[in-house]
Amino acid sequence: MKFGVVVFPGSNCDADCYHVVKEVLQQPVEYVWHQNSSVAGFDCLILPGGFSYGDYLRVGAIARFSPVMGAIQEFVERGGLVIGICNGFQILMEAGLLPGAMLRNDSLQFRCHPTYLRVEDNTTPFTNQCQPGQVLRIPIAHGDGNFFADAKTLAEIEANGQVVFRYCTPVGEIIPEANPNGSLNNIAGICNRGRNVLGMMPHPERCAEAILGSEDGRLIFVSLLKWWESGGFDGK
């Protein structure tokens, strides 16, 4: 399974994602510069966290016009796997590949600390190695992670089962006190209706090895690999 890590001006978690794929998953991986107009040969693309273009104008708003995003759009339409983490999630929403938008954290503070996520759906390519309702401990690091959607869109996301992760307590309770940024319905990660695109604000690449204090993030990457090995990817 070959991974591509898309690099925008300002990406700063690209090396972390590259490391996890190469050293933890032991799979082939290459960086993909944002000006590339082709993503041929990849089975999964990762849009890492960072501050694309310094997030001037609005987070992800300039990055979505990079040439690579047209290629990613076609990749998604063919069934290709894409995961956007933090700023990568924001870029996917700006590009229209995921619904919703991100507001400033309700605290107006940059938040950087471990959070707990409840797995709402373990049947996706990104969570199939998790248990239903499993609680993962994965850190966040963002100032604009307050997920928002209008009432109609939010209702559709919920009705279609597109919520993959919600912020929760260590025992899985979905309560306001467990929500670090004010996200609607404690949403921490969603997928598209085709279920081949995932956006999540927490950083699984920062907790994929025991030396980092948690291996919960590794489940996301191993799920991708297991899903592909089972023949799930047929969109190349």
So, taking the atom named [atom1] in [X] and the one named [atom2] in [Y], what distance separates them when rounded to the nearest 0.5 Å?
{"X": "F3", "Y": "I83", "atom1": "CZ", "atom2": "CD1", "value": "9.0 Å"}
{"X": "N128", "Y": "W227", "atom1": "CG", "atom2": "CH2", "value": "9.0 Å"}
{"X": "N36", "Y": "W33", "atom1": "CG", "atom2": "CH2", "value": "9.5 Å"}
{"X": "L98", "Y": "M200", "atom1": "CG", "atom2": "CE", "value": "12.5 Å"}
{"X": "R64", "Y": "R58", "atom1": "CZ", "atom2": "CZ", "value": "9.5 Å"}
{"X": "T124", "Y": "L198", "atom1": "OG1", "atom2": "CG", "value": "6.5 Å"}

On a heavy-atom basis, which atom in [X] and which in [Y] lie closest, and how many Å separate them?
{"X": "G217", "Y": "F221", "result": "O-CD1, 3.4 Å"}
{"X": "Q134", "Y": "Q131", "result": "OE1-N, 2.7 Å"}
{"X": "N186", "Y": "I175", "result": "ND2-O, 3.1 Å"}
{"X": "I91", "Y": "A63", "result": "CD1-CB, 3.7 Å"}
{"X": "I190", "Y": "V163", "result": "CG2-CA, 4.2 Å"}
{"X": "D55", "Y": "G60", "result": "OD1-N, 3.9 Å"}

Beyond-backbone contact of [X] with [Y], side-chain heavy atoms, under 4.5 angstrom:
{"X": "L184", "Y": "F148", "result": "yes"}
{"X": "P125", "Y": "S223", "result": "no"}
{"X": "L219", "Y": "T127", "result": "no"}
{"X": "P202", "Y": "Y167", "result": "yes"}

Could you go through residues 44-54 and list every donor-acceptor pair under 3.5 Å that involves a side-chain atom there, pairing it with any protein atom two or more places apart or in another chain?
| residue | atom | partner | partner atom | Å |
| --- | --- | --- | --- | --- |
| S52 | OG | N87 | OD1 | 3.0 |
| Y53 | OH | H34 | ND1 | 3.1 |
| Y53 | OH | S66 | OG | 3.4 |

So does [Y] get a backbone contact from the side chain of [X], meaning a donor-acceptor N/O pair under 3.5 Å?
{"X": "N179", "Y": "G182", "result": "yes"}
{"X": "T169", "Y": "A178", "result": "no"}
{"X": "D216", "Y": "R137", "result": "yes"}
{"X": "N192", "Y": "V197", "result": "yes"}
{"X": "N196", "Y": "L81", "result": "no"}

Test side-chain contact (heavy atoms from CB on, under 4.5 Å) on C13 and H203; report intermediate values, then the result.
CA-CA 9 Å; C13 298; H203 288 263; 3.7 Å; yes

Sequence neighbours left out, what pairs pass salt bridge (charged side-chain N to carboxylate O under 4.0 Å, His left out) with at least one residue falling in residues 175-192?
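Checked against salt bridge (charged side-chain N to carboxylate O under 4.0 Å, His left out) - neighbours excluded - no pair reaches residues 175-192.
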
Can you pull out every salt bridge (charged side-chain N to carboxylate O under 4.0 Å, His left out) where at least one residue sits in residues 180-206? Sequence neighbours excluded, please.
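Every pair satisfying salt bridge (charged side-chain N to carboxylate O under 4.0 Å, His left out) with a residue in residues 180-206: D121-R195.
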
Do [X] and [Y] sit in the same hydrophobic cluster, where Ile, Leu, Val, Met, Phe, Trp and Tyr count as joined when their side-chain heavy atoms come under 4.5 Å apart?
{"X": "F89", "Y": "V76", "value": "yes"}
{"X": "V59", "Y": "F65", "value": "no"}
{"X": "L103", "Y": "M201", "value": "yes"}
{"X": "F165", "Y": "V135", "value": "no"}
{"X": "V39", "Y": "V82", "value": "yes"}

More than 12 non-hydrogen atoms from neighbouring residues, nucleotides or ligands closer than 6.0 Å to CD on E229, yes or no?
yes

Name all pairs fulfilling the side-chain hydrogen bond (donor to acceptor under 3.5 Å, both in side chains) condition that reach into residues 139-165, sequence neighbours left out, sorted by first residue then second.
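Every pair satisfying side-chain hydrogen bond (donor to acceptor under 3.5 Å, both in side chains) with a residue in residues 139-165: R104-D144, H142-N181, D150-T153, K152-E156, E158-R166, E158-N185, N160-Q162.
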
Tell me every residue that passes ring pair (Phe, Tyr, Trp, His ring centres under 6.0 Å) with Y31, counting only those two or more places apart in sequence or in another chain.
Y18

C17 and side-chain contact (heavy atoms from CB on, under 4.5 Å): which single residue from V7, V6, I85 fits?
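Considering V7, V6, I85, a side-chain contact (heavy atoms from CB on, under 4.5 Å) with C17 is found only for I85.
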
Under the side-chain contact (heavy atoms from CB on, under 4.5 Å) test against V21, which residue among Q26, M1, Q27 passes?
Q27

Given side-chain contact (heavy atoms from CB on, under 4.5 Å), test M93 with F147 step by step and report yes or no.
CA-CA 10 Å; M93 288 189 291; F147 180 80; 4.0 Å; yes

Give the table of side-chain donor-acceptor pairs shorter than 3.5 Å for residues 110-118, with sequence neighbours excluded, one pair per line with atom names and distance.
| residue | atom | partner | partner atom | Å |
| --- | --- | --- | --- | --- |
| R111 | NE | H113 | NE2 | 3.4 |
| R111 | NH1 | P180 | O | 2.8 |
| R111 | NH2 | H113 | NE2 | 3.1 |
| T115 | OG1 | I138 | O | 2.7 |
| R118 | NE | E120 | OE1 | 2.6 |
| R118 | NH1 | G172 | O | 3.0 |
| R118 | NH2 | E120 | OE1 | 3.3 |
| R118 | NH2 | E120 | OE2 | 3.2 |

Side chain to side chain donor-acceptor pair (under 3.5 Å) assessment of E77 paired with Q73
CA-CA 6 Å; E77 292 172 354; Q73 173 77 48; 3.0 Å; yes

